[in-house]
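Have a look at this one before I ask anything.
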Amino acid sequence: MATRRGFLAGMLAAGLAPQATWASLGSPAFLSAARSPGGSYLLAGLSAGGEILFRLPLPARGHAAAAHPLRAEAVAFARRPGRFADVIDCTSGSRIARLEPVAGNHFYGHGVFSPDGRHLFTTENDFDSARGVIGVWDTAAGYRRIGSFASGGIGPHDLRLRRDAPGLVVANGGIETHPDSGRAKLNLADMRPNLSYLTFDGVLKDQLELDPDLQQNSIRHLSVAADGLVGFAMQWQGDAGADVPIAGLHRPGGAARLLGREDPRTRNLNGYGGSIAFTRDAAQIAVTSPRGGVVQLFGTGTGEMVQEYRLRDVCGLAHLDKGFIAATGEGHLLALPGSADTLLAAHPLAWDNHLVALA
Amino acid sequence: MLRSIVLALPLALLPVTAQADASGGIVDGRILPSMSELAATGAALEAAAQANCNAEDRALLAAYHTAFDAWVRVSHLRFGPTETDNRAFALAFWPDTRGKTPKALAGMIAKEDPAVMDPEDFAEVSIAAQGYYAMEFLLYDGGFAAQGSPDYRCALIRAQAQGIAANTAAIRTDWTDAFAEEMRSPGNRYRDAAEVKQELFKALLTGLEVTADMRLGRPLGTFERPRPNRAEARRSGRSQIHVILALETLEDLALALAEGDAEVSDALQAQFTTTLERVRGLKDPVFAGVADPASRFRIEALQQDVRDLKLLAEAQLGPALGVEAGFNSLDGD
């Protein structure tokens, strides 16, 4: 269709339009939401060295963000139960669009763009029917909602692009909530979390469920290695003190490998994985726990813990060229592991749950 | 690499509202003596096991209880020396939600694992077979009294006692040789006095949480499904005494942290007194009463008292120390 909008959309998809790219902002390596000392909320773009390249105000506390693969556009999600997500032009700070889920849905706080940047996928709760949904938005048409499909479970939280095949991998946390009861968990006794692999059209290609004794281990956050290996972090909803794994690895068609299964130090995570990330070479995977105040690094080959760091209020995590960068609620950004456990930067901000790596 | 690293952060960001001397007083006046007691009772337990390894020997059992008491009194101090080489886990593997301790012990007994003959080898066996909680099975569990040969059980008890002595000695040595000074004179491991207080404050909260959620919460289970068999150290009849010992030591720490602030101090003192009175008044050493609605409510009320203590500490003591609740730890997703 040779409409003007269609023409522009094609230009955008091809990266030809005169829109600003991430390079014009100094090529930020990460995005993170934060709270300022005055109590206002913002989205920041960070360099690999931990410098703040830009900061943009947010109307409320953010959770995760999604970065457009080409254009300097970010989607900042409100915390669940989120009623909106703002698409922000990161060069001007102006709002390009406000996404509102269809009536009866709310956002969970995570989203991801298709590799060509044409579509945005969002995790949502169709709360009256307790059904997890992936919302699909057309970025070339002003972020118009163009459809949705089932997420493969209840309570989809994080979602990522597969890297072994086109499609999405979704962490269905398994926990039913309803906005009428806030964040109260309605189905802990019979929750069934899973990891679902979906095509971009919503066809379920593979699904992982853990053993019944781990049924109350909510699969929440994801990282995907270049070869398609998926790392997942969980949050235990069962009895306090249970000796449960918090991080695992999976490939479609295979069985899950749970990390540090016989290492008592996994208890230091307090049953709570906050963020998870692979190193660039996927030789290691790390998980953070703000509740335990620790970051634990595991070898992906052995599945064993190689190192543990104590770090108060840590949560955000992403990879650097070598190793990891971790962010804390006290404003610190650290490189791990480093001979001096390098503090990259300290900002007078409380970094929120996630560091989102730009491709 | 078995190491746990406390990051040394060179930049000072937090306001230094805490007083340096109070932490030093806690270290020298409370922590070091309790660590000495831990190591001394560990050594005495080893000596008793060497003298007589019969599970019915009164001197051995007395030494076991004394040593276990000393551990419970420091069990909230989970940082630094206790975390090196997984010492705390090797001393105290609990809760054991997968039944690893009886499994590991039965396995060792069945094959008469020779690791018991050599302390270095024994330190490498499953952590679940080591420490106070594993030893309790051999001393108090009827099921183990008849397993394997008396000679092997004896060697296993001696190996466990030796391991407890070695780990507690290592913890004490690390504290006296280096860690105490790190806390007295921050600047290296801890940036400043405020960080030292934060560590101690976190230990207080951890101790209260473990007491409410594990020591009381695990046997309480739910009203429909109480779990009396999950009570901590129930075989040796120690469940209730653990709660008393933990609360006594936490009260001591809380009041020391609150020193100089009469209002916070009085509030904490009042709530600790109420809570301790309630637990001492229970005539229920292993919390068997969780299964009976007529007595269960008393244990539930005790758990609520401990939770209230934690809330009180967070609401009043934390701000007085300049410790803010974590942005992420408080409310993640």
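In what follows, every chain begins at residue 1, and chains take the letters A, B, ... in the order their sequences are listed. On a predicted model such as this, the values are computed, not experimentally measured, just so you know.
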- Below 4.5 Å from any heavy atom of chain B, which atoms of A/D213 appear? Answer side chain, backbone, both or neither. neither

- Item | Heavy-atom closest contact (B/D213 atom, A/A240 atom, distance) | CB-CB, 4.0 Å

- Query: Can you tell which of A/R35, A/E262, A/R61 has the highest number of heavy-atom pairs within less than 4.5 Å of chain B?
  - Reply: A/R61

- Closest heavy-atom contact between B/P95 and A/G241? CG-O, 3.3 Å

- Task: For residues A/P264 and B/N86, report the shortest heavy-atom separation together with the two atoms involved.
- Result: CG-ND2, 3.8 Å

- Write down the atom of A/R310, the atom of B/R78, and the distance for their closest heavy-atom approach. NH1-O, 3.1 Å

- Task: Examine distances only and state if a side-chain atom of B/N328 and a backbone atom of A/H354 form a donor-acceptor pair shorter than 3.5 Å.
- Result: no

- Query: So among A/T328, A/D352, A/L349, which one has a side-chain contact (heavy atoms from CB on, under 4.5 Å) with B/F327?
  - Reply: A/D352

- Under a 4.5 Å heavy-atom cut-off, does chain B meet the side chain of A/Q296, its backbone, both or neither? neither

- Item | Value rounded to 0.5 Å, distance of OG1 in B/T206 from CG in A/N270 | 7.5 Å

- Nearest 0.5 Å please: distance from the CD atom of B/E83 over to the CD atom of A/E308. 7.5 Å

- Item | Under 4.5 Å from any heavy atom of chain B - which part of A/S289 | neither

- Message: Just so I know, are the side chains of B/F89 and A/N268 near enough to count as touching, which here means a heavy-atom distance under 4.5 Å?
- Response: yes

- Message: Just by distance, no angles: are the side chains of A/D243 and B/T97 close enough, under 3.5 Å, to form a donor-acceptor pair?
- Response: no

- Check each atom of A/R291 against the heavy atoms of chain B and say whether the ones under 4.5 Å are side chain, backbone, both or neither. both

- Output the distance between atom CG (B/D333) and atom CZ (A/R80), rounded to the nearest 0.5 Å. 4.0 Å

- Which region of A/R183, side chain (C-beta onward) or backbone (N, CA, C, O), has a non-hydrogen atom less than 4.5 Å from a non-hydrogen atom of chain B, or is it both or neither? side chain

- Task: Working to the nearest 0.5 Å, report the span between CD of A/E330 and CD of B/Q198.
- Result: 5.5 Å

